Structures are given as C-alpha cells and as structure tokens.
Amino acid sequence: MYVGRFAPSPTGPLHAGSLVAALASFLDARAHQGRWLIRIEDIDEARTVAGAADHIIQTLAAFGMRTDGEIVTQSHRKALYSAAFDKLGDAVYPCACSRKEIADSRVTLATDGAAIYPGTCRHGLAPDRAARAWRVRVPGTTDPQGLIHFHDRWQGPITENLAEHVGDFVLKRADGFWAYQLAVIVDDAEQGVTDVVRGADLLESTARQIYLQQLLRFSIPRYLHVTEVVNDRGEKLSKQTGAQPLDVGNPLSALMQAVAHCGLMLDRTPRSVDEFWAMAIPAWGQRFRDR
Ligand code: GLU
C-alpha cells in the first residue's frame with residue numbers, strides 16, 4: 001500500500017514553493033490510490049513560529065488537501081529519535097568542535113556549502129574537550145559502502161560519495177535538538193512511508209538519509225524530487241526571497257500555478273477546486289505512475 005506524506009516545517013505560512021511540494025505529494029498519493037499524511041516537522045524548535053502549523057494545516061484544507069491519518073508532530077516524538085540513535089552504537093561519536101573550529105580547519109565544502117567535517121573527534125575527544133554534538137561516521141572516500149546510488153523518479157539516477165560530498169554529519173546538535181536527517185528517516189519508517197515526494201532542495205539530503213536507513217535496516221522509500229519554483233531572478237520562492245503567503249481566498253489560481261510548475265497541462269481551466277483535483281490526479285498519474 002502506497003503511503004506518502006507532506007512534512008512542512010512550521011516556520012511560517014505555506015508559500016508557493018511549499019505548495020508545489022504539498023500538491024505533488026498529494027497528487028502522487030492519489031494517483032496511486034494511496035494514503036497521504038501531513039507531518040509537522042518542528043524538530044528545529046528554535047525556528048518554529050507559534051501558530052504556523054495550524055495555519056499550514058488550514059491552508060491545505062482550503063486547497064482540498066486533508067491528511068488520511070493522524071497528524072504527528074516531531075517535537076512530541078523525541079523518544080523515537082533517541083531510540084534510533086541508541087541503535088547506531090559505534091557508528092556515532094561525540095564531537096567537541098565548534099563551527100568556527102571546523103571552518104578554520106576546513107579543506108573542502110559540502111554540497112550544501114557547509115564545511116566538510118575534517119574528522120578531528122573521530123577517534124575520541126581530546127582529554128580537555130567536552131562533547132557538543134554527535135556525528136555519524138561515513139565510510140572512506142574509496143569505500144563502496146559510502147557510495148550511495150538511488151533512482152529519483154523525477155531527477156533520474158543519482159550517485160553521491162558521502163565522504164567527498166558531506167563527511168561525518170551531525171545527528172544530535174550542539175543545542176540539544178535532534179537533526180532533521182535523523183528525525184525524518186525515523187518518522188518515514190515509523191509511519192510506513194513508501195514514497196517521498198518533496199522539493200529538489202532536499203535532493204542532496206537524500207544520500208545521507210539512505211545511509212542512515214541502511215545503518216538502521218529500515219526499508220528505503222522511493223524518492224521523487226520536484227524541481228523548485230524559482231522567481232524571475234532565478235531564486236527559490238521562500239520567505240527569505242520575499243515570497244508572499246498564498247492567497248487562501250483564491251485556491252484555484254494558486255493550484256493552477258503549482259500544477260503548471262510541475263509541467264502538467266490540464267485540458268481546460270477547471271471551474272472549482274474539486275474539478276481541479278478530478279483533472280490533475282489523472283494527469284499526474286499519466287506522467288508519473290510508472291516512473
Ligand atoms: N521539513 C522539511 C521542509 O519543510 C521537509 C522534509 C521532507 O520532506 O523530507 O523543508
């Protein structure tokens with residue numbers, strides 16, 4: 001049974017970019033006669049904005065997207081992340097390095113622009129140093145285990161060398177919060193998610209997530225990363241680039257824009273939100289069902 005999800009971080013209202021991820025995951029679930037879940041990813045509590053989760057859920061409902069199950073919230077699920085972390089045993093190690101120390105000693109930059117961890121604390125903490133964060137070891141550059149391959153249903157075949165592109169990455173942060181990379185794979189496994197459909201900004205996180213799924217012997221979902229909406233300056237639409245919250249009073253027009261962004265052509269303009277879904281689901285199915 002297909003299980004999909006939309007997993008917004010409640011850092012503000014839904015915007016055009018996050019609507020594309022919501023719409024694509026919903027269309028894919030419906031085209032597969034599957035279930036679609038909403039999950040609130042507030043694990044980074046410092047970035048959470050009060051009221052944003054409810055606002056997102058209400059906006060999705062106004063657009064015709066309602067969860068098929070309980071809406072779970074990451075900040076209430078820390079025991080699950082802690083249990084998964086404990087299972088990692090020697091694969092994880094405490095790290096005393098501050099961001100500045102890492103930046104000062106860095107040799108290369110990771111795909112997301114962060115410094116690749118130089119491995120200072122890999123073989124144990126120096127006696128006068130205290131643990132700040134916890135990292136997971138990735139295999140060496142030439143170790144085939146560290147070469148993650150997957151097929152993305154939108155982007156095609158992807159290969160990433162973890163040591164070269166990311167390095168040992170943080171699972172428990174210096175501020176005490178669990179890292180997104182751990183929380184997301186624990187939740188996807190616990191909720192039985194078979195298909196992850198989300199924005200292409202998360203494409204480069206996928207190899208790390210697959211690596212953790214392998215270490216924890218979780219089944220690996222299929223992935224589809226939708227290329228992000230960009231504005232006319234080529235910037236991703238998000239709060240940082242000044243994207244306006246969606247006009248909840250005019251869901252049809254926002255949905256039409258989002259579906260056009262996914263490259264789907266509808267035969268004619270639907271007259272209602274219900275008619276929009278009745279047309280968009282088969283159109284998505286035709287393009288992505290067998291991919
Ligand atoms: N919470 C993440 C975000 O809003 C999405 C995580 C995911 O879909 O895996 O960017």
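The first residue in the sequence is number 1, and the count goes up from there. Please read these numbers as outputs of a predicted model, since none were measured by experiment.
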Using side chain to side chain donor-acceptor pair (under 3.5 Å) as the criterion, list what pairs up with [X], not counting sequence neighbours.
X    : result
D68  : R30
T142 : none
E45  : K78

(message) Using the rule given for salt bridge (Lys or Arg N to Asp or Glu O under 4.0 Å), can you reason through R39 versus E190, listing the C-alpha separation, both sets of side-chain angles and the distance that settles it, and then say yes or no?
(response) CA-CA 12 Å; R39 176 170 77 226; E190 198 274 331; over 6 Å; no
Tell me whether [X] contacts the main-chain N or O of [Y] through its side chain, where contact means a donor paired with an acceptor under 3.5 Å.
X    : Y    : result
H165 : I116 : no
R5   : V196 : no
D168 : V138 : yes
T194 : V3   : yes

(message) Hydrophobic clustering (ILVMFWY, side-chain heavy atoms < 4.5 Å, transitive) - are L88 and F177 grouped together?
(response)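 No, separate clusters.
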(message) Count I, L, V, M, F, W, Y as connected when their side-chain heavy atoms are under 4.5 Å apart, and connections chain through other members. Are V259 and W277 then in the same cluster?
(response)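 Both belong to a single hydrophobic cluster.
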To the nearest 0.5 Å, how far apart are [atom1] in [X] and [atom2] in [Y]?
X    : Y    : atom1 : atom2 : answer
T206 : H225 : OG1   : NE2   : 3.0 Å
S75  : Y81  : OG    : OH    : 8.0 Å
F276 : S253 : CZ    : OG    : 11.0 Å
R289 : Q286 : CZ    : CD    : 12.0 Å
L246 : L255 : CG    : CG    : 9.0 Å
F6   : T67  : CZ    : OG1   : 11.5 Å

(request) Under the side-chain contact (heavy atoms from CB on, under 4.5 Å) rule, collect the residues that match up with H76, sequence neighbours excluded. (result)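 In terms of side-chain contact (heavy atoms from CB on, under 4.5 Å), with neighbours along the sequence ignored, H76 is linked to T73.
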(request) Inspect the contact between R129 and E101 and indicate whether a charged nitrogen and a carboxylate oxygen are less than 4.0 angstrom apart. (result)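 Counted as a salt bridge, because a side-chain N and a carboxylate O are separated by less than 4.0 Å.
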(request) Using a strict 4.0 Å threshold on nitrogen-to-oxygen distance, state whether D195 and R222 make a salt bridge. (result)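 A salt bridge links D195 with R222.
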(message) Taking CG in N250 as the centre, count heavy atoms belonging to other residues, nucleotides or ligands within less than 6.0 Å. Is the count above 12?
(response)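 Buried by this count: over 12 neighbours within 6.0 Å.
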(request) Just grab all the ring pair (Phe, Tyr, Trp, His ring centres under 6.0 Å) pairs involving residues 182-205, residues at least two apart or on different chains. (result)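 Applying ring pair (Phe, Tyr, Trp, His ring centres under 6.0 Å) to every pair that reaches into residues 182-205, excluding sequence neighbours, yields nothing.
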(message) Does anything in residues 45-71 form a ring pair (Phe, Tyr, Trp, His ring centres under 6.0 Å)? List the pairs, not counting sequence neighbours.
(response)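 Found none.
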(request) Please say which of Q209, R173, R208, E41 ends up in a side-chain hydrogen bond (donor to acceptor under 3.5 Å, both in side chains) with Y180. (result)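 Of the listed options, the one satisfying the test is Q209.
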(request) Kindly assign one of parallel, tilted or perpendicular to the pair Y2 and H32, based on the angle between their ring planes and the thresholds 30° and 60°. (result)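 Ring orientation, 0 to 90° scale: parallel.
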